[in-house]
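If you're wondering where the values come from, they're calculated on a predicted model, not measured in any experiment. One-based numbering along the sequence shown.
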Amino acid sequence: MTVPDTLPRTAAAPAAPAATAATHPRRPFGRWFRETGWRHLVGIVMLVFAAFPLVYVLSASLNPGGTLLTANSLFAKVDIGSYIALFQDPLRPYGNWFVNSVFIGLTTSFFTVVLCALAAYAFSRLRFSGRRFGLLTLLLVQMFPQLLAVVAIFLLMSAIGDIFPALGLNSQIGLIMVYLGGALGVNTFLMYGFFNTVPASIDEAAKIDGAGHARIFFTIILRLVAPVLAVIGLLSFIGTMNDFLIASVILVDPDKQTLAVGLYQFVSQETARNWSVFAAGAVLAAILPMALFLSLQRFIVGGLTAGSVK
């Protein structure tokens with residue numbers, strides 16, 4: 001006895017159609033250049049424009065001639081004598097200048113971030129009389145260049161030095177105080193815009209749990225606004241490292257000067273200009289800001305764009 005085949009028979013799968021290779025004709029060169037090619041050309045030109053000064057300074061630092069005229073042929077001569085000479089001149093202590101710049105830059109950037117964050121939180125979360133006027137004042141004051149205040153800063157620091165020598169002229173702490181006096185402004189306005197992107201409902205939920213403004217600020221808000229804190233800290237550090245005007249007015253002792261002021265001594269004298277050593281010092285001085293920029297670059301775009309939409 002045979003069991004009938006009751007299982008449904010599946011129809012055979014139809015054969016897959018032969019894949020036809022779709023060939024897309026290449027665009028003519030003229031059309032490609034009009035649509036996208038010109039962008040590559042602009043990018044290459046801008047890359048050369050931005051990289052050439054850096055390459056030229058690096059070539060000049062490796063040139064034993066000591067002048068910029070002999071550095072026209074890039075890397076024609078390679079010698080690290082200029083880098084060694086930086087640390088062998090007792091009258092120009094490059095090592096002290098570097099340490100001073102790092103100390104002043106890190107201290108200034110840290111307290112700048114703290115002050116701007118406190119001010120931005122107050123303007124963003126609190127409602128008080130004069131709030132709008134204060135914001136506009138911080139923004140308008142930054143329109144006047146720092147050069148206008150050099151004489152006033154010198155007289156003020158000279159008068160303070162007669163009473164508190166640690167905060168007067170030729171004092172690194174005094175220079176930091178001058179930088180912090182101008183820390184508020186655009187930085188606070190940028191942080192204010194970023195703080196506005198944080199929902200106020202987070203503050204309200206924390207207040208229901210019994211948290212005050214100080215606890216909300218230090219334990220919740222600061223973690224949410226980390227990108228803009230990194231941006232402000234980096235910009236403050238780079239600006240402090242590159243400052244020459246204020247630092248040259250306040251710091252007189254060579255052992256207390258910063259890199260921007262100290263390096264100028266290599267090219268300030270008419271008969272003793274050594275551009276090779278100057279370029280070597282500039283190359284070494286750029287390593288730390290570049291390293292900080294690369295380590296914080298993931299915060300930079302978010303910190304700048306998020307704070308600019310409010």
Partners passing side chain to side chain donor-acceptor pair (under 3.5 Å) against [X] (at least two apart in sequence or in another chain):
{"X": "Ser101", "answer": "none"}
{"X": "Arg215", "answer": "none"}
{"X": "Ser201", "answer": "none"}
{"X": "His40", "answer": "none"}

Nearest heavy atoms of [X] and [Y], plus distance in Å:
{"X": "Tyr94", "Y": "Leu86", "answer": "CB-O, 3.4 Å"}
{"X": "Met241", "Y": "Pro289", "answer": "CE-CG, 4.4 Å"}
{"X": "Val277", "Y": "Phe266", "answer": "CG1-CE2, 3.6 Å"}
{"X": "Leu138", "Y": "Phe123", "answer": "CD1-CE1, 3.8 Å"}
{"X": "Ala247", "Y": "Thr258", "answer": "CB-OG1, 3.8 Å"}
{"X": "Leu263", "Y": "Ala282", "answer": "CD1-N, 4.0 Å"}

Test of understanding: with salt bridge (Lys or Arg N to Asp or Glu O under 4.0 Å), list the residues that count as partners of Arg31, not counting sequence neighbours.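 Result, salt bridge (Lys or Arg N to Asp or Glu O under 4.0 Å) vs Arg31: Glu35.
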Who passes salt bridge (Lys or Arg N to Asp or Glu O under 4.0 Å) against Asp79, sequence neighbours left out?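 With sequence neighbours excluded, Asp79 shows a salt bridge (Lys or Arg N to Asp or Glu O under 4.0 Å) to no residue whatsoever.
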Under the 3.5 angstrom rule, does the side chain of [X] hit a backbone N or O of [Y] as a donor-acceptor pair?
{"X": "Thr107", "Y": "Ile104", "value": "no"}
{"X": "Arg127", "Y": "Ser124", "value": "yes"}
{"X": "Asp89", "Y": "Leu91", "value": "yes"}
{"X": "Tyr121", "Y": "Phe217", "value": "no"}
{"X": "Trp97", "Y": "Ala260", "value": "no"}
{"X": "Ser236", "Y": "Gly233", "value": "no"}
{"X": "Thr188", "Y": "Leu184", "value": "no"}

Looking at CD1 of Ile153 and CD1 of Ile160, how far apart are the two atoms once the value is rounded to the nearest 0.5 Å?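 The CD1 atom of Ile160 is 10.5 Å from CD1 of Ile153, to the nearest 0.5 Å.
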Let me confirm one number: the CG-CG distance from Leu175 to Leu169, rounded to the nearest 0.5 Å.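 Spacing of CG (Leu175) from CG (Leu169) equals 11.0 Å.
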Ring-plane angle category for Phe278 and Trp275, please: parallel below 30°, perpendicular beyond 60°, tilted otherwise.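 The rings of Phe278 and Trp275 stand perpendicular, inter-plane angle above 60°.
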When the ring planes of Phe52 and Tyr56 are compared, do they come out parallel, tilted or perpendicular, using 30° and 60° as the limits?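 Tilted: the ring planes of Phe52 and Tyr56 meet at 30° to 60°.
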Ser276 versus Asn63, side-chain donor and acceptor atoms under 3.5 Å: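 Not at all, the side chains of Asn63 and Ser276 share no donor-acceptor pair under 3.5 Å.
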Report yes or no: do [X] and [Y] belong to one cluster of Ile/Leu/Val/Met/Phe/Trp/Tyr joined by side chain heavy-atom distances under 4.5 Å?
{"X": "Met290", "Y": "Val57", "answer": "yes"}
{"X": "Phe49", "Y": "Ile44", "answer": "no"}
{"X": "Ile202", "Y": "Leu222", "answer": "yes"}
{"X": "Leu58", "Y": "Val55", "answer": "yes"}
{"X": "Leu47", "Y": "Leu54", "answer": "no"}

Applying salt bridge (charged side-chain N to carboxylate O under 4.0 Å, His left out) as the test, list every pair that has at least one member in [range]; sequence neighbours left out.
{"range": "residues 178-204", "result": "Arg125-Asp203"}
{"range": "residues 252-261", "result": "none"}
{"range": "residues 41-55", "result": "none"}

Residue pair [X] / [Y], side-chain heavy-atom distance below 4.5 Å:
{"X": "Ile216", "Y": "Ile221", "answer": "yes"}
{"X": "Ile250", "Y": "Val178", "answer": "yes"}
{"X": "Met157", "Y": "Met177", "answer": "no"}

Kindly indicate, with the supporting measurements, whether the criterion side-chain contact (heavy atoms from CB on, under 4.5 Å) is fulfilled by Phe98 and Leu284. CA-CA 9 Å; Phe98 191 87; Leu284 294 181; 5.5 Å; no
Show the numbers, then the answer: is there a side-chain contact (heavy atoms from CB on, under 4.5 Å) between Val141 and Thr137? CA-CA 6 Å; Val141 167; Thr137 302; 4.1 Å; yes
Do other residues, nucleotides or ligands put more than 12 heavy atoms under 6.0 Å from the [atom1] atom of [X]?
{"X": "Phe164", "atom1": "CZ", "value": "no"}
{"X": "Phe133", "atom1": "CZ", "value": "no"}
{"X": "Leu136", "atom1": "CG", "value": "yes"}

Give the intermediate values and the outcome of side-chain contact (heavy atoms from CB on, under 4.5 Å) for residues His213 and Lys207. CA-CA 8 Å; His213 285 292; Lys207 291 178 181 178; 3.7 Å; yes
Could you go through residues 224-231 and list every donor-acceptor pair under 3.5 Å that involves a side-chain atom there, pairing it with any protein atom two or more places apart or in another chain?
none

What pairs meet the side chain to side chain donor-acceptor pair (under 3.5 Å) rule with one or both residues in residues 161-180, with sequence neighbours excluded?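 Sorted result for residues 161-180: Asn100-Gln172, Tyr179-Asp243.
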Between side-chain atoms of residues 109-117 and protein atoms elsewhere (two or more places apart, or another chain), which donor-acceptor pairs fall under 3.5 Å?
unit_1, atom_1, unit_2, atom_2, d
Ser109, OG, Gly105, O, 2.9
Ser109, OG, Leu106, O, 2.9
Thr112, OG1, Thr108, O, 2.5

Dump the intermediate steps for side-chain contact (heavy atoms from CB on, under 4.5 Å) on Tyr83 and Leu62, then the final yes or no. CA-CA 8 Å; Tyr83 291 89; Leu62 297 174; 3.6 Å; yes
